[in-house]
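A quick write-up on the structure given underneath.
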Amino acid sequence: MPRPPPDPRRLLLLLPTATYRTTAFVEAARRLGVDLTVASELPSTLQAANPAGLVTLDLSRPAVAAEQARAFAHAHPLAGVVGVDDDTAVVAAAIAGALGLRGNAVSAAEAARDKHEQRTLLAAALVPVPRFGLHHVEEDPRELAGRVPYPCVVKPLRLSASRGVIRADTPAQFLAAFERLRRILAAPDVAACGEPARHILVEDFVPGSEHALEGLLVDGELRVLAVFDKPDPLEGPYFEETIYVTPSRLPEEAERAVARCAERAARALGLAQGPIHAELRHNQRGAWLIELAARPIGGRCSAALRFTAGEGGRATREEWSLEEIIIQHALGTPVPPLARAERATGVMMIPVPRAGVLRQIRGIEAAWAVPLVDAVEITAHTGETLVPWPEGSRYPGFIFARGPTPDAVEQALRAAHLRLQFVFDPAD
Amino acid sequence: MTPSDIRITAEPIDNGRCKFLVSEPVHAGGVRRFASRDEAQGSPLAEAIFAIPGADVAEIIVSGNLVTVVKQSAAPWPVVGKAVGQAIRSTLAGDRPAVAAKPAPAAGSPTADDALYERVADLFDQQVNPMVARHGGRVELIDVQDAVVMVRMAGGCQGCGMADVTLRQGIEAMLHQHVPEVRGVVDITDHTAGSNPYFAAAKK
């Protein structure tokens, strides 16, 4: 399919100032020729110079943001709205509802954002999820430790990137995990989200291989864009993610089970439009939904994905990014049948080796020189304090690779990572 | 200096553009932009990069230690980038300057780019920089070549998570309004070296 001509319709892109997704979405909109308005929670210093292209919305209050967007749209009519993370997915839903644009119901986006509400809806719809219980941070953990199942996992309701997620195998570990999560929830940036930061989810640890599914919902139908393996065992006690590789090496039937599970989950939550990112486990009892978000894959990871649009796309080698597909869909453009570009691809979210003030990362060129490695992107800056999981949630960078097989890609990512050396402030 | 002494870090921006940060100065005489093989004649580095088979290179911008390459092919950066690295190493180790000096305009006849430079510089001085200074940022006008503006972002803008929004939704829009003859804006900033970005990103 040839690339479409420039699209004069206006897209409202909700970009929190702390997102990694800025360049990917802004450049995708440029490639599509879409008129773009970027909305953030804080004003751009150049907003007055381009009032059609930059706007400030209260992204912490979706209903307020929807009214602000409605006022903005009087002067600058909008044809679509896209959120890029869990919170802006809810705001996008509110704006879509207010302006009659393609999007999800607010209740569905909210259910996807809140881990407890999500579990409750999924369990009611008989989607396989871990057994779970909701507890207030002021509950007595010693009493809870005597009655929760082991192994279990304690989780915050709203945080992402596995921040604050801790496994406990014994009552003593549970006590420590509960206290540690309580401290994380009391941090000012977390406590600011209000009541959800006053609760802790405790659920069964589900053994098995872990996978991520990237998909696009089109009028309630799930189009699976990629199923990733996460080959590093995520057994805890913390769940910092590292490697994603696609295509999955799961047997076909298991991969279909993963996709069916994600589709049932999306339906149970009431999601009908736009990107989803699901994290699942697979074991001898089948696929288990761990989490589903109404947004695309986080960080810079989407750069590992390129798509061709059906046979025509393959013929012209025209490749689409995930963000281009999401924007087209939000604007109401029919999305053609998509195939992931051939070859295996993968990304490693570079782990934080330890806490400290970063002075330098050595070996970047050597890492990049590893055969099959596409790129090494360092996102941490000199002088930045790196914080390991479970308190942290910011990766210092990303490594991308593509190759003939998932195994080859995984090995390339590991080899590249071994060549990186972190230099910390000697005072640490 | 031997080719093996030269360290190069690649920073792909997307599938079409990639910046290469080189441990040695590549071109100390300001910025040079090459938009075709013809323009590359006389600059061994640009000639070599345009000649990379299957890359379909469309543009090369060289400034100081930074080489930005724009390609049109779908070939992945590992393949093209390694060839770019080879070109950088071999031409820096050669006898001739890797990049020739920018041809001087005829005396007494300022070029269209010179006139644009003045207008863009005025816009930056009067409007852009006073605005971005509120976030501790600064945008330096490096050059105008073939009506393409080259900028370097500094201070709070360097490495900022919203730098691309500032560039595309702010600066580019202002240029479109005030200096419509400008055909494009290229950011030649090494954002990985930003030590005090105004907005820092977190995963999701």
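Each chain gets a letter, A, B and so on, in the order its sequence line appears, and its residues count up from 1.
With a 4.5 Å cut-off on non-hydrogen atoms, P51(A) does not touch chain B at all. Residue V38(A) touches chain B through both its backbone and its side chain, counting heavy-atom pairs closer than 4.5 Å. For chain A, the nearby part of E172(B) is the side chain; its heavy atoms alone come within less than 4.5 Å. The part of Q177(B) that comes within reach of chain A is its side chain, from C-beta onward, which places non-hydrogen atoms under 4.5 angstrom from that chain. Contacts of I171(B) with chain A are made by both backbone and side-chain atoms, with heavy-atom separations under 4.5 Å. Residue A303(A) does not touch chain B at all, counting heavy-atom pairs closer than 4.5 Å. Residue contact with chain B, scored on non-hydrogen atoms closer than 4.5 Å, is absent for T88(A). In this structure, chain B has a heavy atom under 4.5 Å from the side chain of R30(A), while its backbone stays farther away.
Closest approach of M162(B) and P16(A) over heavy atoms only: SD-O, 4.0 Å. Pairing each heavy atom of L42(A) with each of F199(B), the nearest pair is CD1-CE2, 3.7 Å. Scanning both residues, A173(B) and N50(A), for their nearest heavy atoms gives CB-ND2, 3.4 Å. Closest of all the heavy-atom pairs between K82(B) and A369(A) is NZ-O, 3.5 Å.
Here Q169(B) is the residue among M174(B), Q169(B), Q158(B), H176(B) with the most heavy-atom pairs under 4.5 Å with chain A. Counting heavy-atom pairs closer than 4.5 Å to chain B, the top residue among I378(A), I364(A), V373(A) is V373(A). Between chain B and the options L36(A), V26(A), T379(A), heavy-atom pairs under 4.5 Å are most frequent for L36(A).
Taking the side chain to side chain donor-acceptor pair (under 3.5 Å) definition, one finds that Q421(A) meets it with nothing, sequence neighbours left out.
The CZ atom of R21(A) sits 13.0 Å away from the CG atom of D164(B) when rounded to the nearest 0.5 Å. The distance from the CG atom of L167(B) to the CG atom of L46(A) is 10.0 Å, given to the nearest 0.5 Å.
Put simply, the side chain of T22(A) gets close to the backbone of G161(B): a donor and an acceptor are under 3.5 Å apart.
Listed by sequence position, R134(B), H135(B) are the residues of residues 133-148 of chain B in contact with chain A, using a 4.5 angstrom heavy-atom cutoff.
Between Q47(A) and M131(B), the closest side-chain pair of non-hydrogen atoms is not below 4.5 Å.
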